[in-house]
Amino acid sequence: VIGRHGFEHTFAPLLAIIDATLPSLPTLAAFIYEFTSAQFPVFFEEIVGIHEELVSMNFNVSLRSLVVLNWLSEIDHVDIEAAVREDHVVYGGGGDGVPQRELDVVLEAVARLPFAGRACSSLISRKPNGQVLHARNDDASANKYTTNLTVDVTFVNGTEGNRTIAKSTQFIGWVGVYTSLVPGIASLTEDQRASSKFSQKFFMANLVSSHGGGPTAFVMRQAMISSGGGEHANIPQPRTFSNILAYLETHPFAVPAYCILAGVKTPNNNQGAIVARNTSAFETRTLRLGSTTPYVPFDWALIQTNWEFW
């Protein structure tokens, strides 16, 4: 990727924004780094591997920034202005008056972060012969930063003659998956779901108490492909449409999200679902292929954007 586009047109713009933001968010940055290392050790080691590769090419890259990169969608749900003010009280020598210039710089940088705001759409449809189709777009604000980082990835089992386990279209630097396919089993996409902004304290405390919660892309990779190594991963075995769906309906998430899961041709032709998730399984809503809503009055299709389907 760097050989084709150059560091300045791949990682550099993205990491520059993150690097400009982290100094004013020491608590959140440290928590994300330590939480990822402790709760998702396999994924963390993959990020370390990416960091080591970039450093070996003589690029000045922060490991902490690469870890935070994997949480950008989740950071969009945090009240950043309040977090900056909280950290200024702790680290800024007392008082609650954050210099307006510092606050403006941080908020401007956060506004430019990829995945700021709602984006993405997913579609599942069933053909007359029962075959299930699954499509998506990604119109997130990330596009201007991630176009040159977008790759097709094949996950293989090295102990079974490099048998293909799954495929994904994703961004180099992110180790989770937002779009994935397990051949003959299921495909999965994620659309962003809006929520009230979480306080920094709630965001961190909720994750600590969640027993396995993490970024949506981490949870989706665990559901479809492989465990991140955490003790609470409880990955679905065997991986079937039903088991993956149950996992997505119940496993903790760091922030709300829509998960769109499609299966393959089956006798009852209903292997498709939209799962509207909160951070816990509380009030999870699932819309199955074959159902209708006022917004999508077809029993052969499901459509999810960034709005509630009820």
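Atoms considered below: every heavy atom in the structure, side chains included; atoms not considered: hydrogens, waters and symmetry mates. All residue numbers in this chain count up from 1 along the given sequence.
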Given side chains that start at C-beta, do those of Leu28 and Ile80 come closer than 4.5 Å, heavy atoms only?
yes
Could you check Thr10 against His5 for side-chain hydrogen bond (donor to acceptor under 3.5 Å, both in side chains), going step by step and ending with a plain yes or no?
CA-CA 7 Å; Thr10 51; His5 301 291; over 6 Å; no
Can you tell if the side chain of Leu149 reaches within under 4.5 Å of the side chain of Phe11, non-hydrogen atoms only?
yes
Trace of the side chain to side chain contact (heavy atoms under 4.5 Å, CB included) decision for Leu248 with Ile244
CA-CA 6 Å; Leu248 295 172; Ile244 294 171; 4.1 Å; yes
Rounding to 0.5 Å, atoms CD1 (Ile17) and CG (Leu22) come to a distance of 11.5 Å
Hey, can you pull the donor-acceptor pairs under 3.5 Å for the side chains in residues 179-187, sequence neighbours left out?
residue: Thr179; atom: OG1; partner: Arg136; partner atom: NH1; Å: 3.0
residue: Ser187; atom: OG; partner: His134; partner atom: ND1; Å: 2.6

According to a 4.5 Å side-chain heavy-atom criterion applied to Ile, Leu, Val, Met, Phe, Trp and Tyr, with indirect links allowed, do Val156 and Ile172 form part of one hydrophobic cluster?
no
Please find the pair of heavy atoms, one from Cys259 and one from Leu188, that lie closest to each other, and give the distance.
CB-CD1, 4.1 Å
If we ignore hydrogens and angles and just use 3.5 Å, is the side chain of Asn70 paired with the main-chain N or O of Gly173 as donor and acceptor?
yes
Quick one: CZ on Arg285 to CG on Asn278, what's the gap to the nearest 0.5 Å?
10.0 Å
Mind listing the closest non-hydrogen atom pair of Arg193 and Arg277 along with its distance?
NH1-O, 3.0 Å
Shortest non-hydrogen contact between Thr189 and Ser122, atoms and distance:
OG1-OG, 2.8 Å
Hydrophobic clustering (ILVMFWY, side-chain heavy atoms < 4.5 Å, transitive) - are Ile124 and Trp310 grouped together?
yes
Only pairs at least two apart or in different chains count here, so list each salt bridge (charged side-chain N to carboxylate O under 4.0 Å, His left out) that has a residue in residues 158-187.
Glu160-Arg163
Closest non-hydrogen atom pair between Pro252 and Ser210, with its separation:
CG-O, 3.1 Å
Interatomic distance, Ser121 atom OG to Trp307 atom CH2 [nearest 0.5 angstrom]
11.5 Å
So Val175 and Phe44, do their side chains get closer than 4.5 Å, heavy atoms only?
no
Taking C-beta and beyond as the side chain, do Val296 and Phe309 meet within less than 4.5 Å on heavy atoms?
no
side-chain hydrogen bond (donor to acceptor under 3.5 Å, both in side chains) between Ser199 and Asp79, worked out:
CA-CA 6 Å; Ser199 72; Asp79 187 338; over 6 Å; no
What do you reckon, is CD of Glu53 surrounded by more than 12 foreign heavy atoms closer than 6.0 Å?
no
For Ser168, the side-chain hydrogen bond (donor to acceptor under 3.5 Å, both in side chains) test, sequence neighbours excluded, returns Gln170
Could you tell me whether the side chains of Thr159 and Asn157 share a donor-acceptor contact shorter than 3.5 Å?
yes
Residue among Trp174, Phe218, Phe35, Trp71 satisfying ring pair (Phe, Tyr, Trp, His ring centres under 6.0 Å) with Phe43:
Phe218
Could you check whether Glu249 and Thr286, counting side-chain N and O atoms only, form a donor-acceptor pair closer than 3.5 Å?
yes
Could you list all the ring-ring contact (aromatic ring centres under 6.0 Å, His included) pairs where at least one residue sits in residues 240-265, not counting sequence neighbours?
Tyr247-His251
Does one hydrophobic cluster hold both Leu133 and Leu302, with members joined at side-chain heavy-atom distances below 4.5 Å?
no
Might you work through the side chain to side chain contact (heavy atoms under 4.5 Å, CB included) test for Thr216 and Met220, ending with a clear yes or no?
CA-CA 6 Å; Thr216 301; Met220 287 175 56; 3.7 Å; yes
List the atom of Leu245, the atom of Ala273, and the distance in Å for their closest heavy-atom pair.
CD1-CB, 3.9 Å
Phe40 to Gly212 - nearest heavy-atom pair and separation
CZ-O, 3.9 Å
Measure the spacing between CD of Glu74 and OG1 of Thr279 and express it to the nearest 0.5 Å.
12.0 Å
Can Glu46 and Arg221 be counted as an ion pair, charged N to O under 4.0 angstrom?
yes
To the nearest 0.5 angstrom, please state how far the OG atom of Ser280 sits from the CG atom of Asn206.
7.5 Å
By salt bridge (charged side-chain N to carboxylate O under 4.0 Å, His left out), which residues pair with Asp299, not counting sequence neighbours?
Arg126
Residues in side-chain contact (heavy atoms from CB on, under 4.5 Å) contact with Val55, at least two apart in sequence or another chain:
His51
Would you find a donor on one side and an acceptor on the other, under 3.5 Å apart, between the side chain of Gln271 and the backbone of Val264?
yes
How long is the straight-line distance from CG of Leu123 back to OG1 of Thr305, given to the nearest 0.5 Å?
11.5 Å
Side chain to side chain contact (heavy atoms under 4.5 Å, CB included) between Gln237 and Asn243, worked out
CA-CA 7 Å; Gln237 294 289 359; Asn243 287 349; over 6 Å; no
Within 6.0 Å of CG in Asn60, more than 12 heavy atoms from elsewhere
no
Counting only N and O atoms by type, is there a donor-acceptor contact under 3.5 Å from the side chain of Thr284 to the main-chain atoms of Ala281?
yes
Between Leu54 and Ile2, is any pair of side-chain heavy atoms under 4.5 Å apart?
yes
Given the rule in the side chain to side chain contact (heavy atoms under 4.5 Å, CB included) test, do Leu15 and Val61 qualify, once you have shown the distances and angles that lead to the verdict?
CA-CA 8 Å; Leu15 294 176; Val61 176; 3.7 Å; yes
Answer yes or no: is there a donor N or O on one side and an acceptor on the other, between the side chain of Asp76 and the main chain of Leu72, under 3.5 Å?
no
Taking Ser291 for the side chain and Leu287 for the main chain, is one N or O donor matched with an acceptor at less than 3.5 Å?
no
Are the side chains of Tyr178 and Asp138 in contact, using a 4.5 Å heavy-atom criterion?
no
Ser73 side chain near Gln192 side chain, heavy-atom distance below 4.5 Å
yes
Sub-4.5 Å side-chain heavy-atom contact between Phe171 and Leu69:
no
